[in-house]
There are 2 protein chains.
Amino acid sequence: MKPISLKLLARELNLSVSTVSRALNDRDDIAQETKDRARKLATKLKYEPNPYASSLRSNKSKTIGIVIPEIDNHFFSLAINGIEEIARANDYHVLISLTHEEYQQEKSIIQLLAGGRVDGLLLSMASTSQNSDHLAVLEERKVPVVFFDRVCEDLATARVTTDDYESGYRATTHLLEAGCRKIAHLAISGALSISRRRLQGYADALRDAAIAYDQALVLTLDQDDAQATDRIRQLLAERRDIDGVFAAVEALAMHTYAACRQLELTIPEDVKVIGFSNLETAPLLKPALTTITQPAYQIGKQAAQLLFKAINDNVLLTMNHSLELKSELHIRMSTYSGE
Amino acid sequence: MKPISLKLLARELNLSVSTVSRALNDRDDIAQETKDRARKLATKLKYEPNPYASSLRSNKSKTIGIVIPEIDNHFFSLAINGIEEIARANDYHVLISLTHEEYQQEKSIIQLLAGGRVDGLLLSMASTSQNSDHLAVLEERKVPVVFFDRVCEDLATARVTTDDYESGYRATTHLLEAGCRKIAHLAISGALSISRRRLQGYADALRDAAIAYDQALVLTLDQDDAQATDRIRQLLAERRDIDGVFAAVEALAMHTYAACRQLELTIPEDVKVIGFSNLETAPLLKPALTTITQPAYQIGKQAAQLLFKAINDNVLLTMNHSLELKSELHIRMSTYSGE
DNA sequence: TTGTACGCGTTATCAG
DNA sequence: CTGATAACGCGTACAA
């Protein structure tokens, strides 16, 4: 069956295409009776305006894009949840693209989306994106962009982040207060803004506690999962003096658990562990994981709301629109120090 | 800055619009030199064809839709991962919509997408969708559809599912072999195909073990999370004879853990627990959770591949294209019965 | 209050 | 080999 077009409705109603168009768009220069007739038939035939014809005319795609490194990660799925809610409230669709942490993918995706396919973009950078040349096209084409979590500092647009520096500081301090003296720091990609902030918080907390910063305890793991566990195990095996681990991303906390299990190290007795994480199973782990939890859903919502300010109200987004939300420290068994 | 159009390129190159179009599309009736000139300028100006104009012409959106109940769920995020991979390989975009398990949402989303916005649809039904009237429009408009996991039996199209009946049977048998005699079955929405199949497997396993089916042990929890834990706790408190729990969806296993904790019931000594789950933290839980794990990533991939068979090769999808993949039983501590 | 005419950017067809 | 023209479906001046 052919798609229902305005032309078809018009013929059926003995009206012109433009009259039907205006009737369905509830314009005030159309008789009420005509509107009713048109609407009734449209509903009956399940007419949906061809979105591409509308877009072509209006230069609006009614679609926003989300570009993220991965989706198999609670932080991002929660954020998407928030974004999708706001998008739907604004009558918008959501296009999702995954970069799999690869610069090249990110580049080609953005080039593609910048061609007018989306009215705005929510972006969280890949860990391997060292520069921002590939984002220039977004500025040129004036595509509104909001970064969330993994921001790009080169682009002067709105960002929604969390208090990464403070969280890193707090996490480290918590380990120190639990008695740790040799704290390992695990991160992905030193280039990422969040990584640098969290690491800086870690370093400063050590300094304020008069503990030497030991480069050998700072691991950057940008390789795949299997290797991550291995390298953590290796570190823990070589440096038996490590008594605390600060995992700056969710997956690394889990790899630490796995590595400890392999080495038969007990958490929290032998090693205490804290991790950035949105896992809802954190309290049910063995032992329950102490976490820094980001308000992922809120991040998504707020980022989307900013984006729609740009899209609907034509506001030019600047760094002044940026928001910093607070993460929460949830203290659990994995950092317990006895009474 | 204005978007770059063919018209613009044509003017710059002193060629006609249609020549440039064909040059960029590498048609064989265009001189090599012309092609080179056109391509060079296009690259220089970062020309991207307007996707909506192309779609309008070709009736192809280069976009597929995913409609799922929720995204904050490992099964679905893994499936999306698989889908996205295939979509990208086919040069397609992915539109995501969440129904939040609500029939009305599902209905309006599908009505919207059926209007030509997508070339095909991957669908996993909401738990509250009792009928399939809202899917009729997809058949009328001839939008290719592949169901995955939560299928709709009324629509004669391809489905990618897992061996739900066998898995339900196997999970229950596993509990029986571990010594359980009073096994609770937790599910969402009795209407869902997967729920019915898993429950049937449970019932048949009991029958084959000559154990009476007790309606009071079968809980259907379609309300929100907070209430789910409460109701499970209530059941476990009232029926202290329950010695096994079979959670037919991931979240319910976690609620069972929470309920047991509140009642100070020990797993697996007091109650053994098995659950359908794609949680990668299952082995790290306290105790490690025995799971039936669905090949979510593969489900997504295969479903998408079927869809592209319809889209690219113009194959009419029928139930004969359906696939049933196998889930895996991972035995862990939560069903341990001593040596 | 309704109809006519045009253009959005692209591509297929046909003419040259 | 290249150019002109028409058409996809919709929305909007402008005319009636």
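To find a chain, count down the sequence lines: A is the first, B the second, and so on, and within it residues start at 1. Being a predicted model, the structure only gives us computed values, none of them experimental. Hydrogens, waters and symmetry mates are skipped; everything else that's a heavy atom, side chains included, is used.
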K.L.:
Suppose we screen for ring pair (Phe, Tyr, Trp, His ring centres under 6.0 Å). Which residues come up paired with Tyr297(A), at least two apart in sequence or across chains?
P.N.:
none

K.L.:
Looking at residues at least two apart in the chain, or sitting in another chain, which of them share a salt bridge (charged side-chain N to carboxylate O under 4.0 Å, His left out) with Lys309(A)?
P.N.:
none

K.L.:
For Glu324(B), what residues pass the salt bridge (charged side-chain N to carboxylate O under 4.0 Å, His left out) criterion, not counting sequence neighbours?
P.N.:
none

K.L.:
How bent is the helix from dT1(C)-dA16(D) to dG16(C)-dC1(D), comparing axes over its five end pairs at each side, to the nearest 10°?
P.N.:
50°

K.L.:
Return the set of residues passing side chain to side chain contact (heavy atoms under 4.5 Å, CB included) with Glu33(A) (not counting sequence neighbours), or none when no residue passes.
P.N.:
Arg37(A)

K.L.:
Only counting residues at least two apart or in another chain, list the ones meeting salt bridge (charged side-chain N to carboxylate O under 4.0 Å, His left out) with Asp133(A).
P.N.:
none

K.L.:
Excluding sequence neighbours, so at least two apart, what forms salt bridge (charged side-chain N to carboxylate O under 4.0 Å, His left out) with Lys44(A)?
P.N.:
none

K.L.:
Within residues 50-64 of chain A, which residues have any heavy atom lying less than 4.0 Å from an atom of DNA chain D?
P.N.:
Asn50(A), Ala53(A), Ser54(A), Arg57(A)

K.L.:
Name all residues meeting the side chain to side chain donor-acceptor pair (under 3.5 Å) criterion together with Gln305(A); count only those two or more places apart in sequence or in a different chain, and write none if there are none.
P.N.:
none

K.L.:
What are the residues of residues 20-36 of chain B, sorted by number, that bring a heavy atom to within less than 4.0 Å of DNA chain D?
P.N.:
Arg22(B), Asp29(B), Ile30(B), Ala31(B), Thr34(B)

K.L.:
Excluding sequence neighbours, so at least two apart, what forms side chain to side chain donor-acceptor pair (under 3.5 Å) with His74(A)?
P.N.:
Glu280(A), Asp72(B)

K.L.:
Identify, with sequence neighbours excluded, every residue that meets side chain to side chain contact (heavy atoms under 4.5 Å, CB included) alongside Glu12(B).
P.N.:
Leu41(B)

